[in-house]
S.K.: 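I'd like to ask some things about the structure below.
Counting convention: from 1, in listed order, for ligands and their atoms alike. Throughout, residue positions are numbered sequentially from 1 according to the sequence presented.
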Amino acid sequence: MDNPTVWLNGELIPLSDAKISVLDRGFLFGDGVYEVVPVYRGKPFRLAQHLDRLERSLAEIRIANPYTRAEWEALFARLSATCTADPHSVYVQVTRGVAPRQHTFPKGVAPTVFGIATPLSLPNREKVEHGVGAVTHEDRRWLNCHIKSTSLLGNVLMAQYAADHDVQETIQFRDGYLSEASSSNVWVIKGGEMFAPQRDNRILEGIRYGVLADLARECGIRFEERPVTEAEVRSADELLITSATKEVLAVVTLDGKPVGDGRPGPVFRALYAAYQCAKEAL
Ligand code: PMP
């Protein structure tokens, strides 16, 4: 993995040869979008949903999709083949391209497309079996969180806030309601029922959002998508976080206080097992 093969603007090249201009708008403005797809045993997990979301993100920021669906699929397959590690993830990002620095969109500029496959280190046994900690913070990000933008400063600051507190994640609230964590969606379980904030502009609709909703149905866990108050989060029986790289984890402490009985609960165990089965079924 010292010098992996990466994709840059139409070719697979060694990382050390992959160079972009300092005038790339991704560098100057964070003017781009991205995706991260987990790959198990060489098979991408929910690729179609990731490509749908990439299309939505590109449309939202008005970058013409540089590739057809078939070209994206082929690109993911080619990138995946560059990485022998199992599991691995494939990262792609599209920026508005290179142009003299000016805020408005340049005309006639081709987007920059970059991609790389890297080993995916899933949460270790300790985290899966005993859960993780989280802290809370007011959500100070912009109101276009549904766009999977490379402008991640708000998320970066919240990820570091968690790291500074030696916990896994920062769970954010906006106006007294749960939004999401720095790089995960958040699920609240109370009385055997599961709740998550509605999919709107205040959260990124994780691909695991749909996955967990499906798995909950399979497991006979009632799930409702609705506004979730801060008080509900703080009095939850169980709290879960999900993302491509974390899969499903139980949050067992929040701001240093135990969540429920302070151990991963039955809903976590059921959904974690179902998630592993969904991977096996690929
Ligand atoms: N919210 C944010 C802000 C994220 O960065 C992520 C991770 N990409 C998620 C939610 C979860 O999304 P997914 O399940 O697609 O990884």
Side-chain angles (χ1 to χ4, degrees), residues 30 32-40 44-58 60-61 72 76 87-94 115-118 120-123 132 134-163 168-174 177-188 194 196-216 223 225 228 233 239-249 251 271-272 274-276 278-279:
V33 297
Y34 72 108
E35 276 300 325
V36 182
V37 180
V39 179
Y40 303 98
F45 189 71
R46 301 292 192 275
L47 178 60
Q49 289 84 345
H50 281 279
L51 291 178
D52 288 345
R53 186 172 64 182
L54 180 60
E55 266 171 28
R56 292 199 301 273
S57 295
L58 285 168
E60 284 278 0
I61 71 164
W72 278 117
F76 273 87
H88 58 258
S89 65
V90 177
Y91 174 90
V92 295
Q93 86 165 55
V94 182
I116 185 170
T118 47
L120 173 57
S121 53
L122 294 173
V132 297
V135 285
T136 61
H137 201 285
E138 177 195 346
D139 194 340
R140 294 186 183 161
R141 300 171 305 157
W142 72 334
L143 281 166
N144 282 317
C145 296
H146 61 300
I147 303 173
K148 196 160 173 64
S149 164
T150 57
S151 305
L152 284 171
L153 187 53
N155 305 64
V156 164
L157 292 175
M158 289 299 96
Q160 187 56 38
Y161 185 74
Q168 180 77 38
E169 259 292 21
T170 302
I171 292 177
Q172 301 170 98
F173 301 112
R174 198 188 284 277
Y177 288 89
L178 171 65
S179 56
E180 61 183 343
S182 80
S183 63
S184 336
N185 290 118
V186 181
W187 309 77
V188 174
M194 185 161 81
Q198 66 282 14
R199 290 173 256 196
D200 61 18
N201 61 304
R202 284 168 291 196
I203 65 167
L204 181 76
E205 180 183 339
I207 300 310
R208 267 124 295 278
Y209 198 114
V211 174
L212 235 64
D214 289 349
L215 297 180
F223 167 56
E225 187 177 331
V228 180
V233 173
L239 277 182
L240 312 181
I241 52 174
T242 56
S243 77
T245 55
K246 295 175 212 89
E247 299 186 339
V248 193
L249 286 175
V251 173
L271 291 174
Y272 180 82
Y275 195 94
Q276 302 312 310
K279 281 161 55 180

S.K.: Number the atoms of ligand 1 from 1 as they appear, then name those within less than 4.0 Å of a heavy atom of Ala244, with their elements.
M.R.: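 Checking each atom against Ala244, I get 13 (P), 14 (O), 16 (O).
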S.K.: Using every non-hydrogen atom in the two residues, find where Ala196 and Trp187 come nearest and quote the distance to one decimal.
M.R.: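 In terms of heavy atoms, the two residues are closest at CB-CE3, 3.7 Å.
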S.K.: So, 4.0 Å and heavy atoms of Arg53: is ligand 1 close enough to count as a contact?
M.R.: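 Yes, Arg53 has a heavy atom closer than 4.0 Å to ligand 1.
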S.K.: Counting only heavy atoms closer than 4.0 Å, does ligand 1 sit against the backbone of Cys145, its side chain, both, or neither?
M.R.: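 For Cys145, there is no contact with ligand 1 at all, from either part.
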S.K.: Between Glu35, Lys148, His50, His146, which one has a non-hydrogen atom sitting closest to atom 8 (N) of ligand 1?
M.R.: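 Looking at heavy atoms only, Lys148 sits closest to atom 8 (N) of ligand 1.
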S.K.: Ser182 and Glu169: which non-hydrogen atoms are nearest, and at how many Å?
M.R.: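 Taking every non-hydrogen atom into account, OG-OE1, 2.8 Å.
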S.K.: Check Ile203 against ligand 1 and report side chain, backbone, both or neither, counting heavy atoms closer than 4.0 Å.
M.R.: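 Neither part.
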S.K.: Has ligand 1 got any nitrogen or oxygen that is less than 3.5 angstrom from a nitrogen or oxygen of Glu205?
M.R.: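 No, Glu205 has no N/O under 3.5 Å of an N/O on ligand 1.
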S.K.: With atoms numbered from 1 as shown, which atoms in ligand 1 lie under 4.0 angstrom from a non-hydrogen atom of Glu180?
M.R.: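 Result: 1 (N), 2 (C), 3 (C), 10 (C).
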S.K.: At what distance is the nearest protein heavy atom to atom 12 (O) of ligand 1, and which residue and atom is it?
M.R.: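 Going atom by atom, the protein heavy atom closest to atom 12 (O) of ligand 1 ends up being Gly206 CA, 3.1 Å.
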S.K.: Would you call the rings of Phe223 and Tyr209 parallel, tilted or perpendicular, where under 30° means parallel and over 60° means perpendicular?
M.R.: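 Ring orientation, 0 to 90° scale: perpendicular.
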S.K.: Give the residue and atom name of whichever protein heavy atom lies nearest to atom 14 (O) of ligand 1, and the separation in Å to one decimal.
M.R.: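 Answer, as residue, atom name and distance: Arg208 NE, 2.7 Å.
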S.K.: Can you list every salt bridge (charged side-chain N to carboxylate O under 4.0 Å, His left out) pair that touches residues 177-188, not counting sequence neighbours?
M.R.: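 Every pair satisfying salt bridge (charged side-chain N to carboxylate O under 4.0 Å, His left out) with a residue in residues 177-188: Arg141-Glu180.
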S.K.: Hey, is the main chain of Glu205 close enough, under 3.5 Å, to the side chain of Arg53 for a donor-acceptor pair?
M.R.: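 Checking the backbone N and O of Glu205 against the side chain of Arg53, a donor-acceptor pair under 3.5 Å is found.
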S.K.: Going by the atom numbers of ligand 1, which of them fall below 4.0 Å from some non-hydrogen atom of Ser182?
M.R.: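 Ligand 1 atoms under the 4.0 Å threshold to Ser182: 3 (C).
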S.K.: Please walk me through it: do Phe76 and Tyr91 pass ring-ring contact (aromatic ring centres under 6.0 Å, His included)?
M.R.: CA-CA 9 Å; Phe76 273 87; Tyr91 174 90; 10.0 Å; no
S.K.: Relative to the heavy atoms of Asn155, which atoms of ligand 1 are at a distance of less than 4.0 Å?
M.R.: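 In order of number, 3 (C).
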S.K.: Counting from 1, what ligand 1 atoms have a heavy atom of Asn185 closer than 4.0 Å?
M.R.: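 Once the distances to Asn185 are compared, the set is 10 (C), 11 (C).
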S.K.: Go through the structure and list residues passing ring-ring contact (aromatic ring centres under 6.0 Å, His included) with Tyr177, not counting sequence neighbours.
M.R.: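 By the ring-ring contact (aromatic ring centres under 6.0 Å, His included) rule, Tyr177 matches no residue at all.
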S.K.: Any side-chain donor-acceptor pair under 3.5 Å between Gln93 and Glu35?
M.R.: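 The criterion, which ignores hydrogens and geometry beyond distance, is not satisfied for Glu35 and Gln93.
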S.K.: Can you tell whether the side chains of Lys279 and Glu247 come within less than 4.0 Å, N to carboxylate O?
M.R.: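 Looking at Lys279 and Glu247, the cut-off is met.
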S.K.: For atom 5 (O) of ligand 1, which of Ala181, Pro38, Ser183, Ser179 has the closest heavy atom?
M.R.: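 Nearest heavy atom to atom 5 (O) of ligand 1 lies in Ser183.
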S.K.: Give the atoms of ligand 1, by number and element, whose distance to some non-hydrogen atom of Ile207 is under 4.0 Å.
M.R.: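 Numbered from 1, ligand 1 contributes 13 (P), 14 (O), 15 (O).
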